[in-house]
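Everything numeric in this text was worked out from a predicted model, so none of it was measured. Residues: numbered from 1 along the sequence shown.
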Amino acid sequence: MAIPTIEKREEYVGYAEHCVKLARQTNDRESRNILREMAAEWLRLVDAADH
């Protein structure tokens with residue numbers, strides 16, 4: 001797996017933060033869960049790059 005650059009890692013964290021922000025703004029439980037899962041996946045990509 002290619003290691004993302006610092007800029008890419010920051011971008012991934014930003015995507016995760018955006019997903020969390022959207023999840024907090026929605027009243028739809030299914031959408032909220034999907035957005036939280038998406039945030040978790042972005043953070044897994046960052047974590048995988050660190051190891």
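In this view, E37 satisfies the salt bridge (charged side-chain N to carboxylate O under 4.0 Å, His left out) rule with no residue, not counting sequence neighbours. E10 is linked by a salt bridge (charged side-chain N to carboxylate O under 4.0 Å, His left out) to nothing, counting only residues two or more places apart in sequence or in another chain.
Between H18 atom NE2 and E11 atom CD the span is 12.5 Å, to the nearest 0.5 Å.
Linking ILVMFWY residues whenever their side-chain heavy atoms come closer than 4.5 Å, directly or via other members, places L22 and M38 in the same cluster. Note on L43 and V20: separate hydrophobic clusters, where clusters join Ile, Leu, Val, Met, Phe, Trp and Tyr whose side-chain heavy atoms are under 4.5 Å apart, directly or indirectly. If you chain together hydrophobic residues whose side chains sit under 4.5 Å apart, V13 and W42 fall into the same group.
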Taking only distance into account, with no hydrogens and no angle test, what donor-acceptor pairs under 3.5 Å do side-chain atoms of residues 23-33 form with protein atoms, sequence neighbours excluded?
from	atom 1	to	atom 2	distance (Å)
T26	OG1	D28	N	3.2
D28	OD2	S31	N	2.8
D28	OD2	S31	OG	2.7
R32	NH1	T26	O	3.0
N33	ND2	R29	O	3.4

